[in-house]
Protein chains: 2
Amino acid sequence: MSPVSRLPARALAPRRHDEILRRLSAQGSVSVAELAEFFDVSRETIRRDLKLLSDQGRLGIVHGGAARFEPSEPAMSLRSQENAGGKAAIGKAAAGLVRDGMVVFLDSGTTTLAVAQAMAGLHDLTICTASLKIALHLCHVPGMRVHMLGGEIDPGEEAASGIDTLEVMARFRVDIAFLGGGALSPDGEVTDFTRAGAEQRGRMIALAGKAYFVLDSSKFGKLTPLRIPNFDRAAGVVVDASPEPALVEALSQNGPELIVATLM
Amino acid sequence: MSPVSRLPARALAPRRHDEILRRLSAQGSVSVAELAEFFDVSRETIRRDLKLLSDQGRLGIVHGGAARFEPSEPAMSLRSQENAGGKAAIGKAAAGLVRDGMVVFLDSGTTTLAVAQAMAGLHDLTICTASLKIALHLCHVPGMRVHMLGGEIDPGEEAASGIDTLEVMARFRVDIAFLGGGALSPDGEVTDFTRAGAEQRGRMIALAGKAYFVLDSSKFGKLTPLRIPNFDRAAGVVVDASPEPALVEALSQNGPELIVATLM
DNA sequence: ACATTAACTGCCACATATTGCAACATCAAA
DNA sequence: TTTGATGTTGCAATATGTGGCAGTTAATGT
């Protein structure tokens, strides 16, 4: 019988392996049938791939597919934080705004860390961050290039800041930025604790194609002293619960879109 | 589409190499067939191009094409467990060379991480490092200022490297530096795996008041391809077991002092 | 400008690797 | 136990890799 028609462009073996590992870290498990269809190869080929990766100790084979060994270690660091569910929802919604191939800036903070963890399923991203934990986490996700911004480390944030950070940041062409913040003030603006932080975030709004703030609901009532420059030019604010109507109204006047994320 | 993507039917060799690398960094992998058709040259020619670029260490060849270089090395988390006792001894001895108030450079690697952990008792240090884990660990130790060097993150090392790293590094006045290495060769020199690594370490020897290599005994017999510039100007080599007499002799001829650390 | 040299390229033959197919063994759930 | 899906293995087909060789092209020196 004549062999099946060969597709002109076929994924190279290592490409498949990367994708398999990426799906694993995103979904926790993969099935042979699903992968075979996705790559348009036979199931045997997929099984051979899985066997190979299993021999390298990078996954475990189960009947019907494969599963990862370490049950999401990253989630651990999040669970210790408060409002973990809300942050996860924000992370998922934020990751949904990202397209393959983009250059992404991730600010420091626990909410942006949740965004980082939700991006495991995406391809070919260039990540630019000043956060040690985000860099450490994302550098192990296949197909992501991580650029760490250098500078003095702030122990509270576990992130770099200062002259070097600002300087190098400006050299990136950033498609989308996710920024943290100190509070969502009653007049519909995101505000910050420190002068340096507000300045850095304002700068990033100007640099990035689109800039989103990610804030969980614990930041709603609060007041912090510094407004963020260029706030009206931000693309949106992603939150995990709907704020008071007055706040929503005020925010809509300012410009940025309000995105309320829910768990599924 | 990018305006760069149009090329004459036939391009000179260096032009092809540029385009290949461009596609590689954009797509993660390239196939021989696809490139041959695009440049309108034979597959052999493309393979020769890839071989050349591979010899320069700029990509990795796989069956059917080439992929971005990600040598599937044993993860750092695995390596750190090997010879833990020896590394701890080295760390303690190395920390003993540091005085309060110094500016300390710490290279990436598992042995230098042990040095970082052993420095907990010291005060008023300024730490300069490219390693994410070292920065994350030391930033929580009271009385230490940590400066993270930025750059592209190498997943295997969990550390920054590249242009930005070298550039910023040079701005520090470093009192003492602790460097890793790939191997301690039989002729009494420390050698390295990669061009970039050797260059960065050689640069640091020149910059630091005193530079010490820290190498555990598993690195003794090995051979790696690149010598480290300025090695004779290093202050010493800290190890956890006495190497063969011939190696000791060779090392003493080269200059650096040999320091054998023991667990007490 | 000319000649010489070195490098590049394509073609060929042969070695190797990857993949799909088919037959058979195993597993898991009803 | 039955049944459908999944895993395993040998084999053949196709794609890819390698080295030698000859023709061509670019680079260099005179």
Side-chain angles (χ1 to χ4, degrees), chain A residues 1-24 26-69 71 123 142-143, chain B residues 6-24 26-73 225:
Chain A
M1 195 186 290
S2 99
V4 288
S5 61
R6 307 280 169 191
L7 290 168
R10 172 141 240 168
L12 265 32
R15 196 106 177 120
R16 286 201 309 265
H17 301 166
D18 274 0
E19 174 67 19
I20 290 170
L21 291 172
R22 199 168 12 234
R23 290 186 164 214
L24 260 185
Q27 308 165 18
S29 67
V30 291
S31 88
V32 172
E34 158 196 309
L35 291 170
E37 187 183 3
F38 179 76
F39 292 119
D40 190 30
V41 295
S42 70
R43 296 174 166 162
E44 290 90 332
T45 300
I46 296 296
R47 284 194 203 98
R48 284 164 182 142
D49 287 343
L50 295 181
K51 172 117 185 8
L52 207 139
L53 293 167
S54 161
D55 289 345
Q56 293 176 3
R58 324 218 336 179
L59 51 75
I61 290 181
V62 298
H63 196 87
R68 69 178 159 211
F69 285 129
H123 301 251
Chain B
R6 58 183 148 74
L7 275 177
R10 182 158 294 246
L12 265 33
R15 200 63 179 257
R16 286 202 309 268
H17 299 168
D18 282 354
E19 174 67 11
I20 290 172
L21 291 172
R22 198 188 65 77
R23 290 189 161 211
L24 204 58
Q27 309 170 21
S29 68
V30 290
S31 88
V32 172
E34 159 195 309
L35 290 170
E37 187 182 2
F38 180 74
F39 291 120
D40 189 29
V41 295
S42 69
R43 287 153 193 243
E44 290 90 331
T45 300
I46 295 296
R47 284 196 204 97
R48 284 165 183 142
D49 288 343
L50 295 181
K51 173 107 183 17
L52 205 136
L53 292 168
S54 161
D55 289 344
Q56 293 175 5
R58 310 181 57 148
L59 51 75
I61 290 182
V62 299
H63 195 91
R68 220 182 283 145
F69 206 75
E70 274 176 52
S72 33
E73 56 227 303

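Hydrogens, waters and symmetry mates are skipped; everything else that's a heavy atom, side chains included, is used. Each chain gets a letter, A, B and so on, in the order the sequences are listed, and its residues count up from 1.
With rounding to whole Å, A:Asp49 atom CG is found 14 Å from C:dA17 atom C1'. In this structure, A:Asp40 places its CG atom 12 Å from C1' of C:dT19, rounding to the nearest Å. One atom, CG of B:Leu50, and another, P of D:dT18, lie 10 Å apart when rounded to the nearest Å. Taking atom CG of B:Leu35 as the reference point, atom P of C:dG10 lies 13 Å away to the nearest angstrom. Protein atom CD1 of B:Ile46 is 17 Å distant from nucleotide atom C1' of D:dA15, rounded to whole Å. The separation between B:His17 atom NE2 and C:dT9 atom P is 7 Å, rounded to whole Å. Nucleotide D:dT6 holds its C1' atom 4 Å from the NE2 atom of A:His63, rounded to whole Å. Atom CZ of A:Arg43 is separated from atom P of C:dT18 by 22 Å (rounded to the nearest Å).
If you check every strand for non-hydrogen atoms under 4.0 Å, A:Arg48 touches a base.
When the side-chain nitrogen and oxygen atoms of A:Arg16 are compared with OP1 and OP2 of C:dT19, one or more of them lie within a distance under 4.0 Å. Checking the phosphate oxygens (OP1, OP2) of C:dC8, no side-chain nitrogen or oxygen of B:Thr45 falls inside 4.0 Å. The shortest distance between the side-chain N/O atoms of B:Arg47 and the OP1/OP2 oxygens of C:dT9 is not below 4.0 Å.
In terms of modelled atom types and a separation under 3.5 Å, the side chain of A:Arg68 and the main chain of A:Leu24 share a donor-acceptor contact.
Atom CD of A:Glu37 has 12 or fewer heavy atoms from other residues, nucleotides or ligands within 6.0 Å.
With contacts defined as side-chain heavy-atom distances shorter than 4.5 Å, the pair B:Val41/B:Arg16 qualifies. Two residues are said to be in side-chain contact when any heavy atoms from C-beta on lie closer than 4.5 Å; A:Phe39 and A:Glu19 meet this criterion.
Considering only the side chain of B:Val32, D:dG17 comes nearest among C:dG10, D:dG17, D:dT6.
Residues from residues 52-62 of chain B with heavy atoms under 4.0 angstrom of DNA chain D, sorted by number: B:Val62.
For a distance-only test at 3.5 Å, the side chain of B:Glu44 qualifies as a donor-acceptor partner of the base of C:dC12.
No salt bridge links A:Glu44 with A:Arg48; every basic N to acidic carboxylate O contact stays at or beyond 4.0 Å. B:Arg22 has no carboxylate O lying under 4.0 Å from a charged side-chain N of B:Asp18, or vice versa, which leaves the two without a salt bridge.
Figure legend: A:Arg23 and A:Phe38 shown as a cation-pi pair, the cationic atom lying under 6.0 angstrom from the six-membered ring centre and within 45 degrees of its axis.
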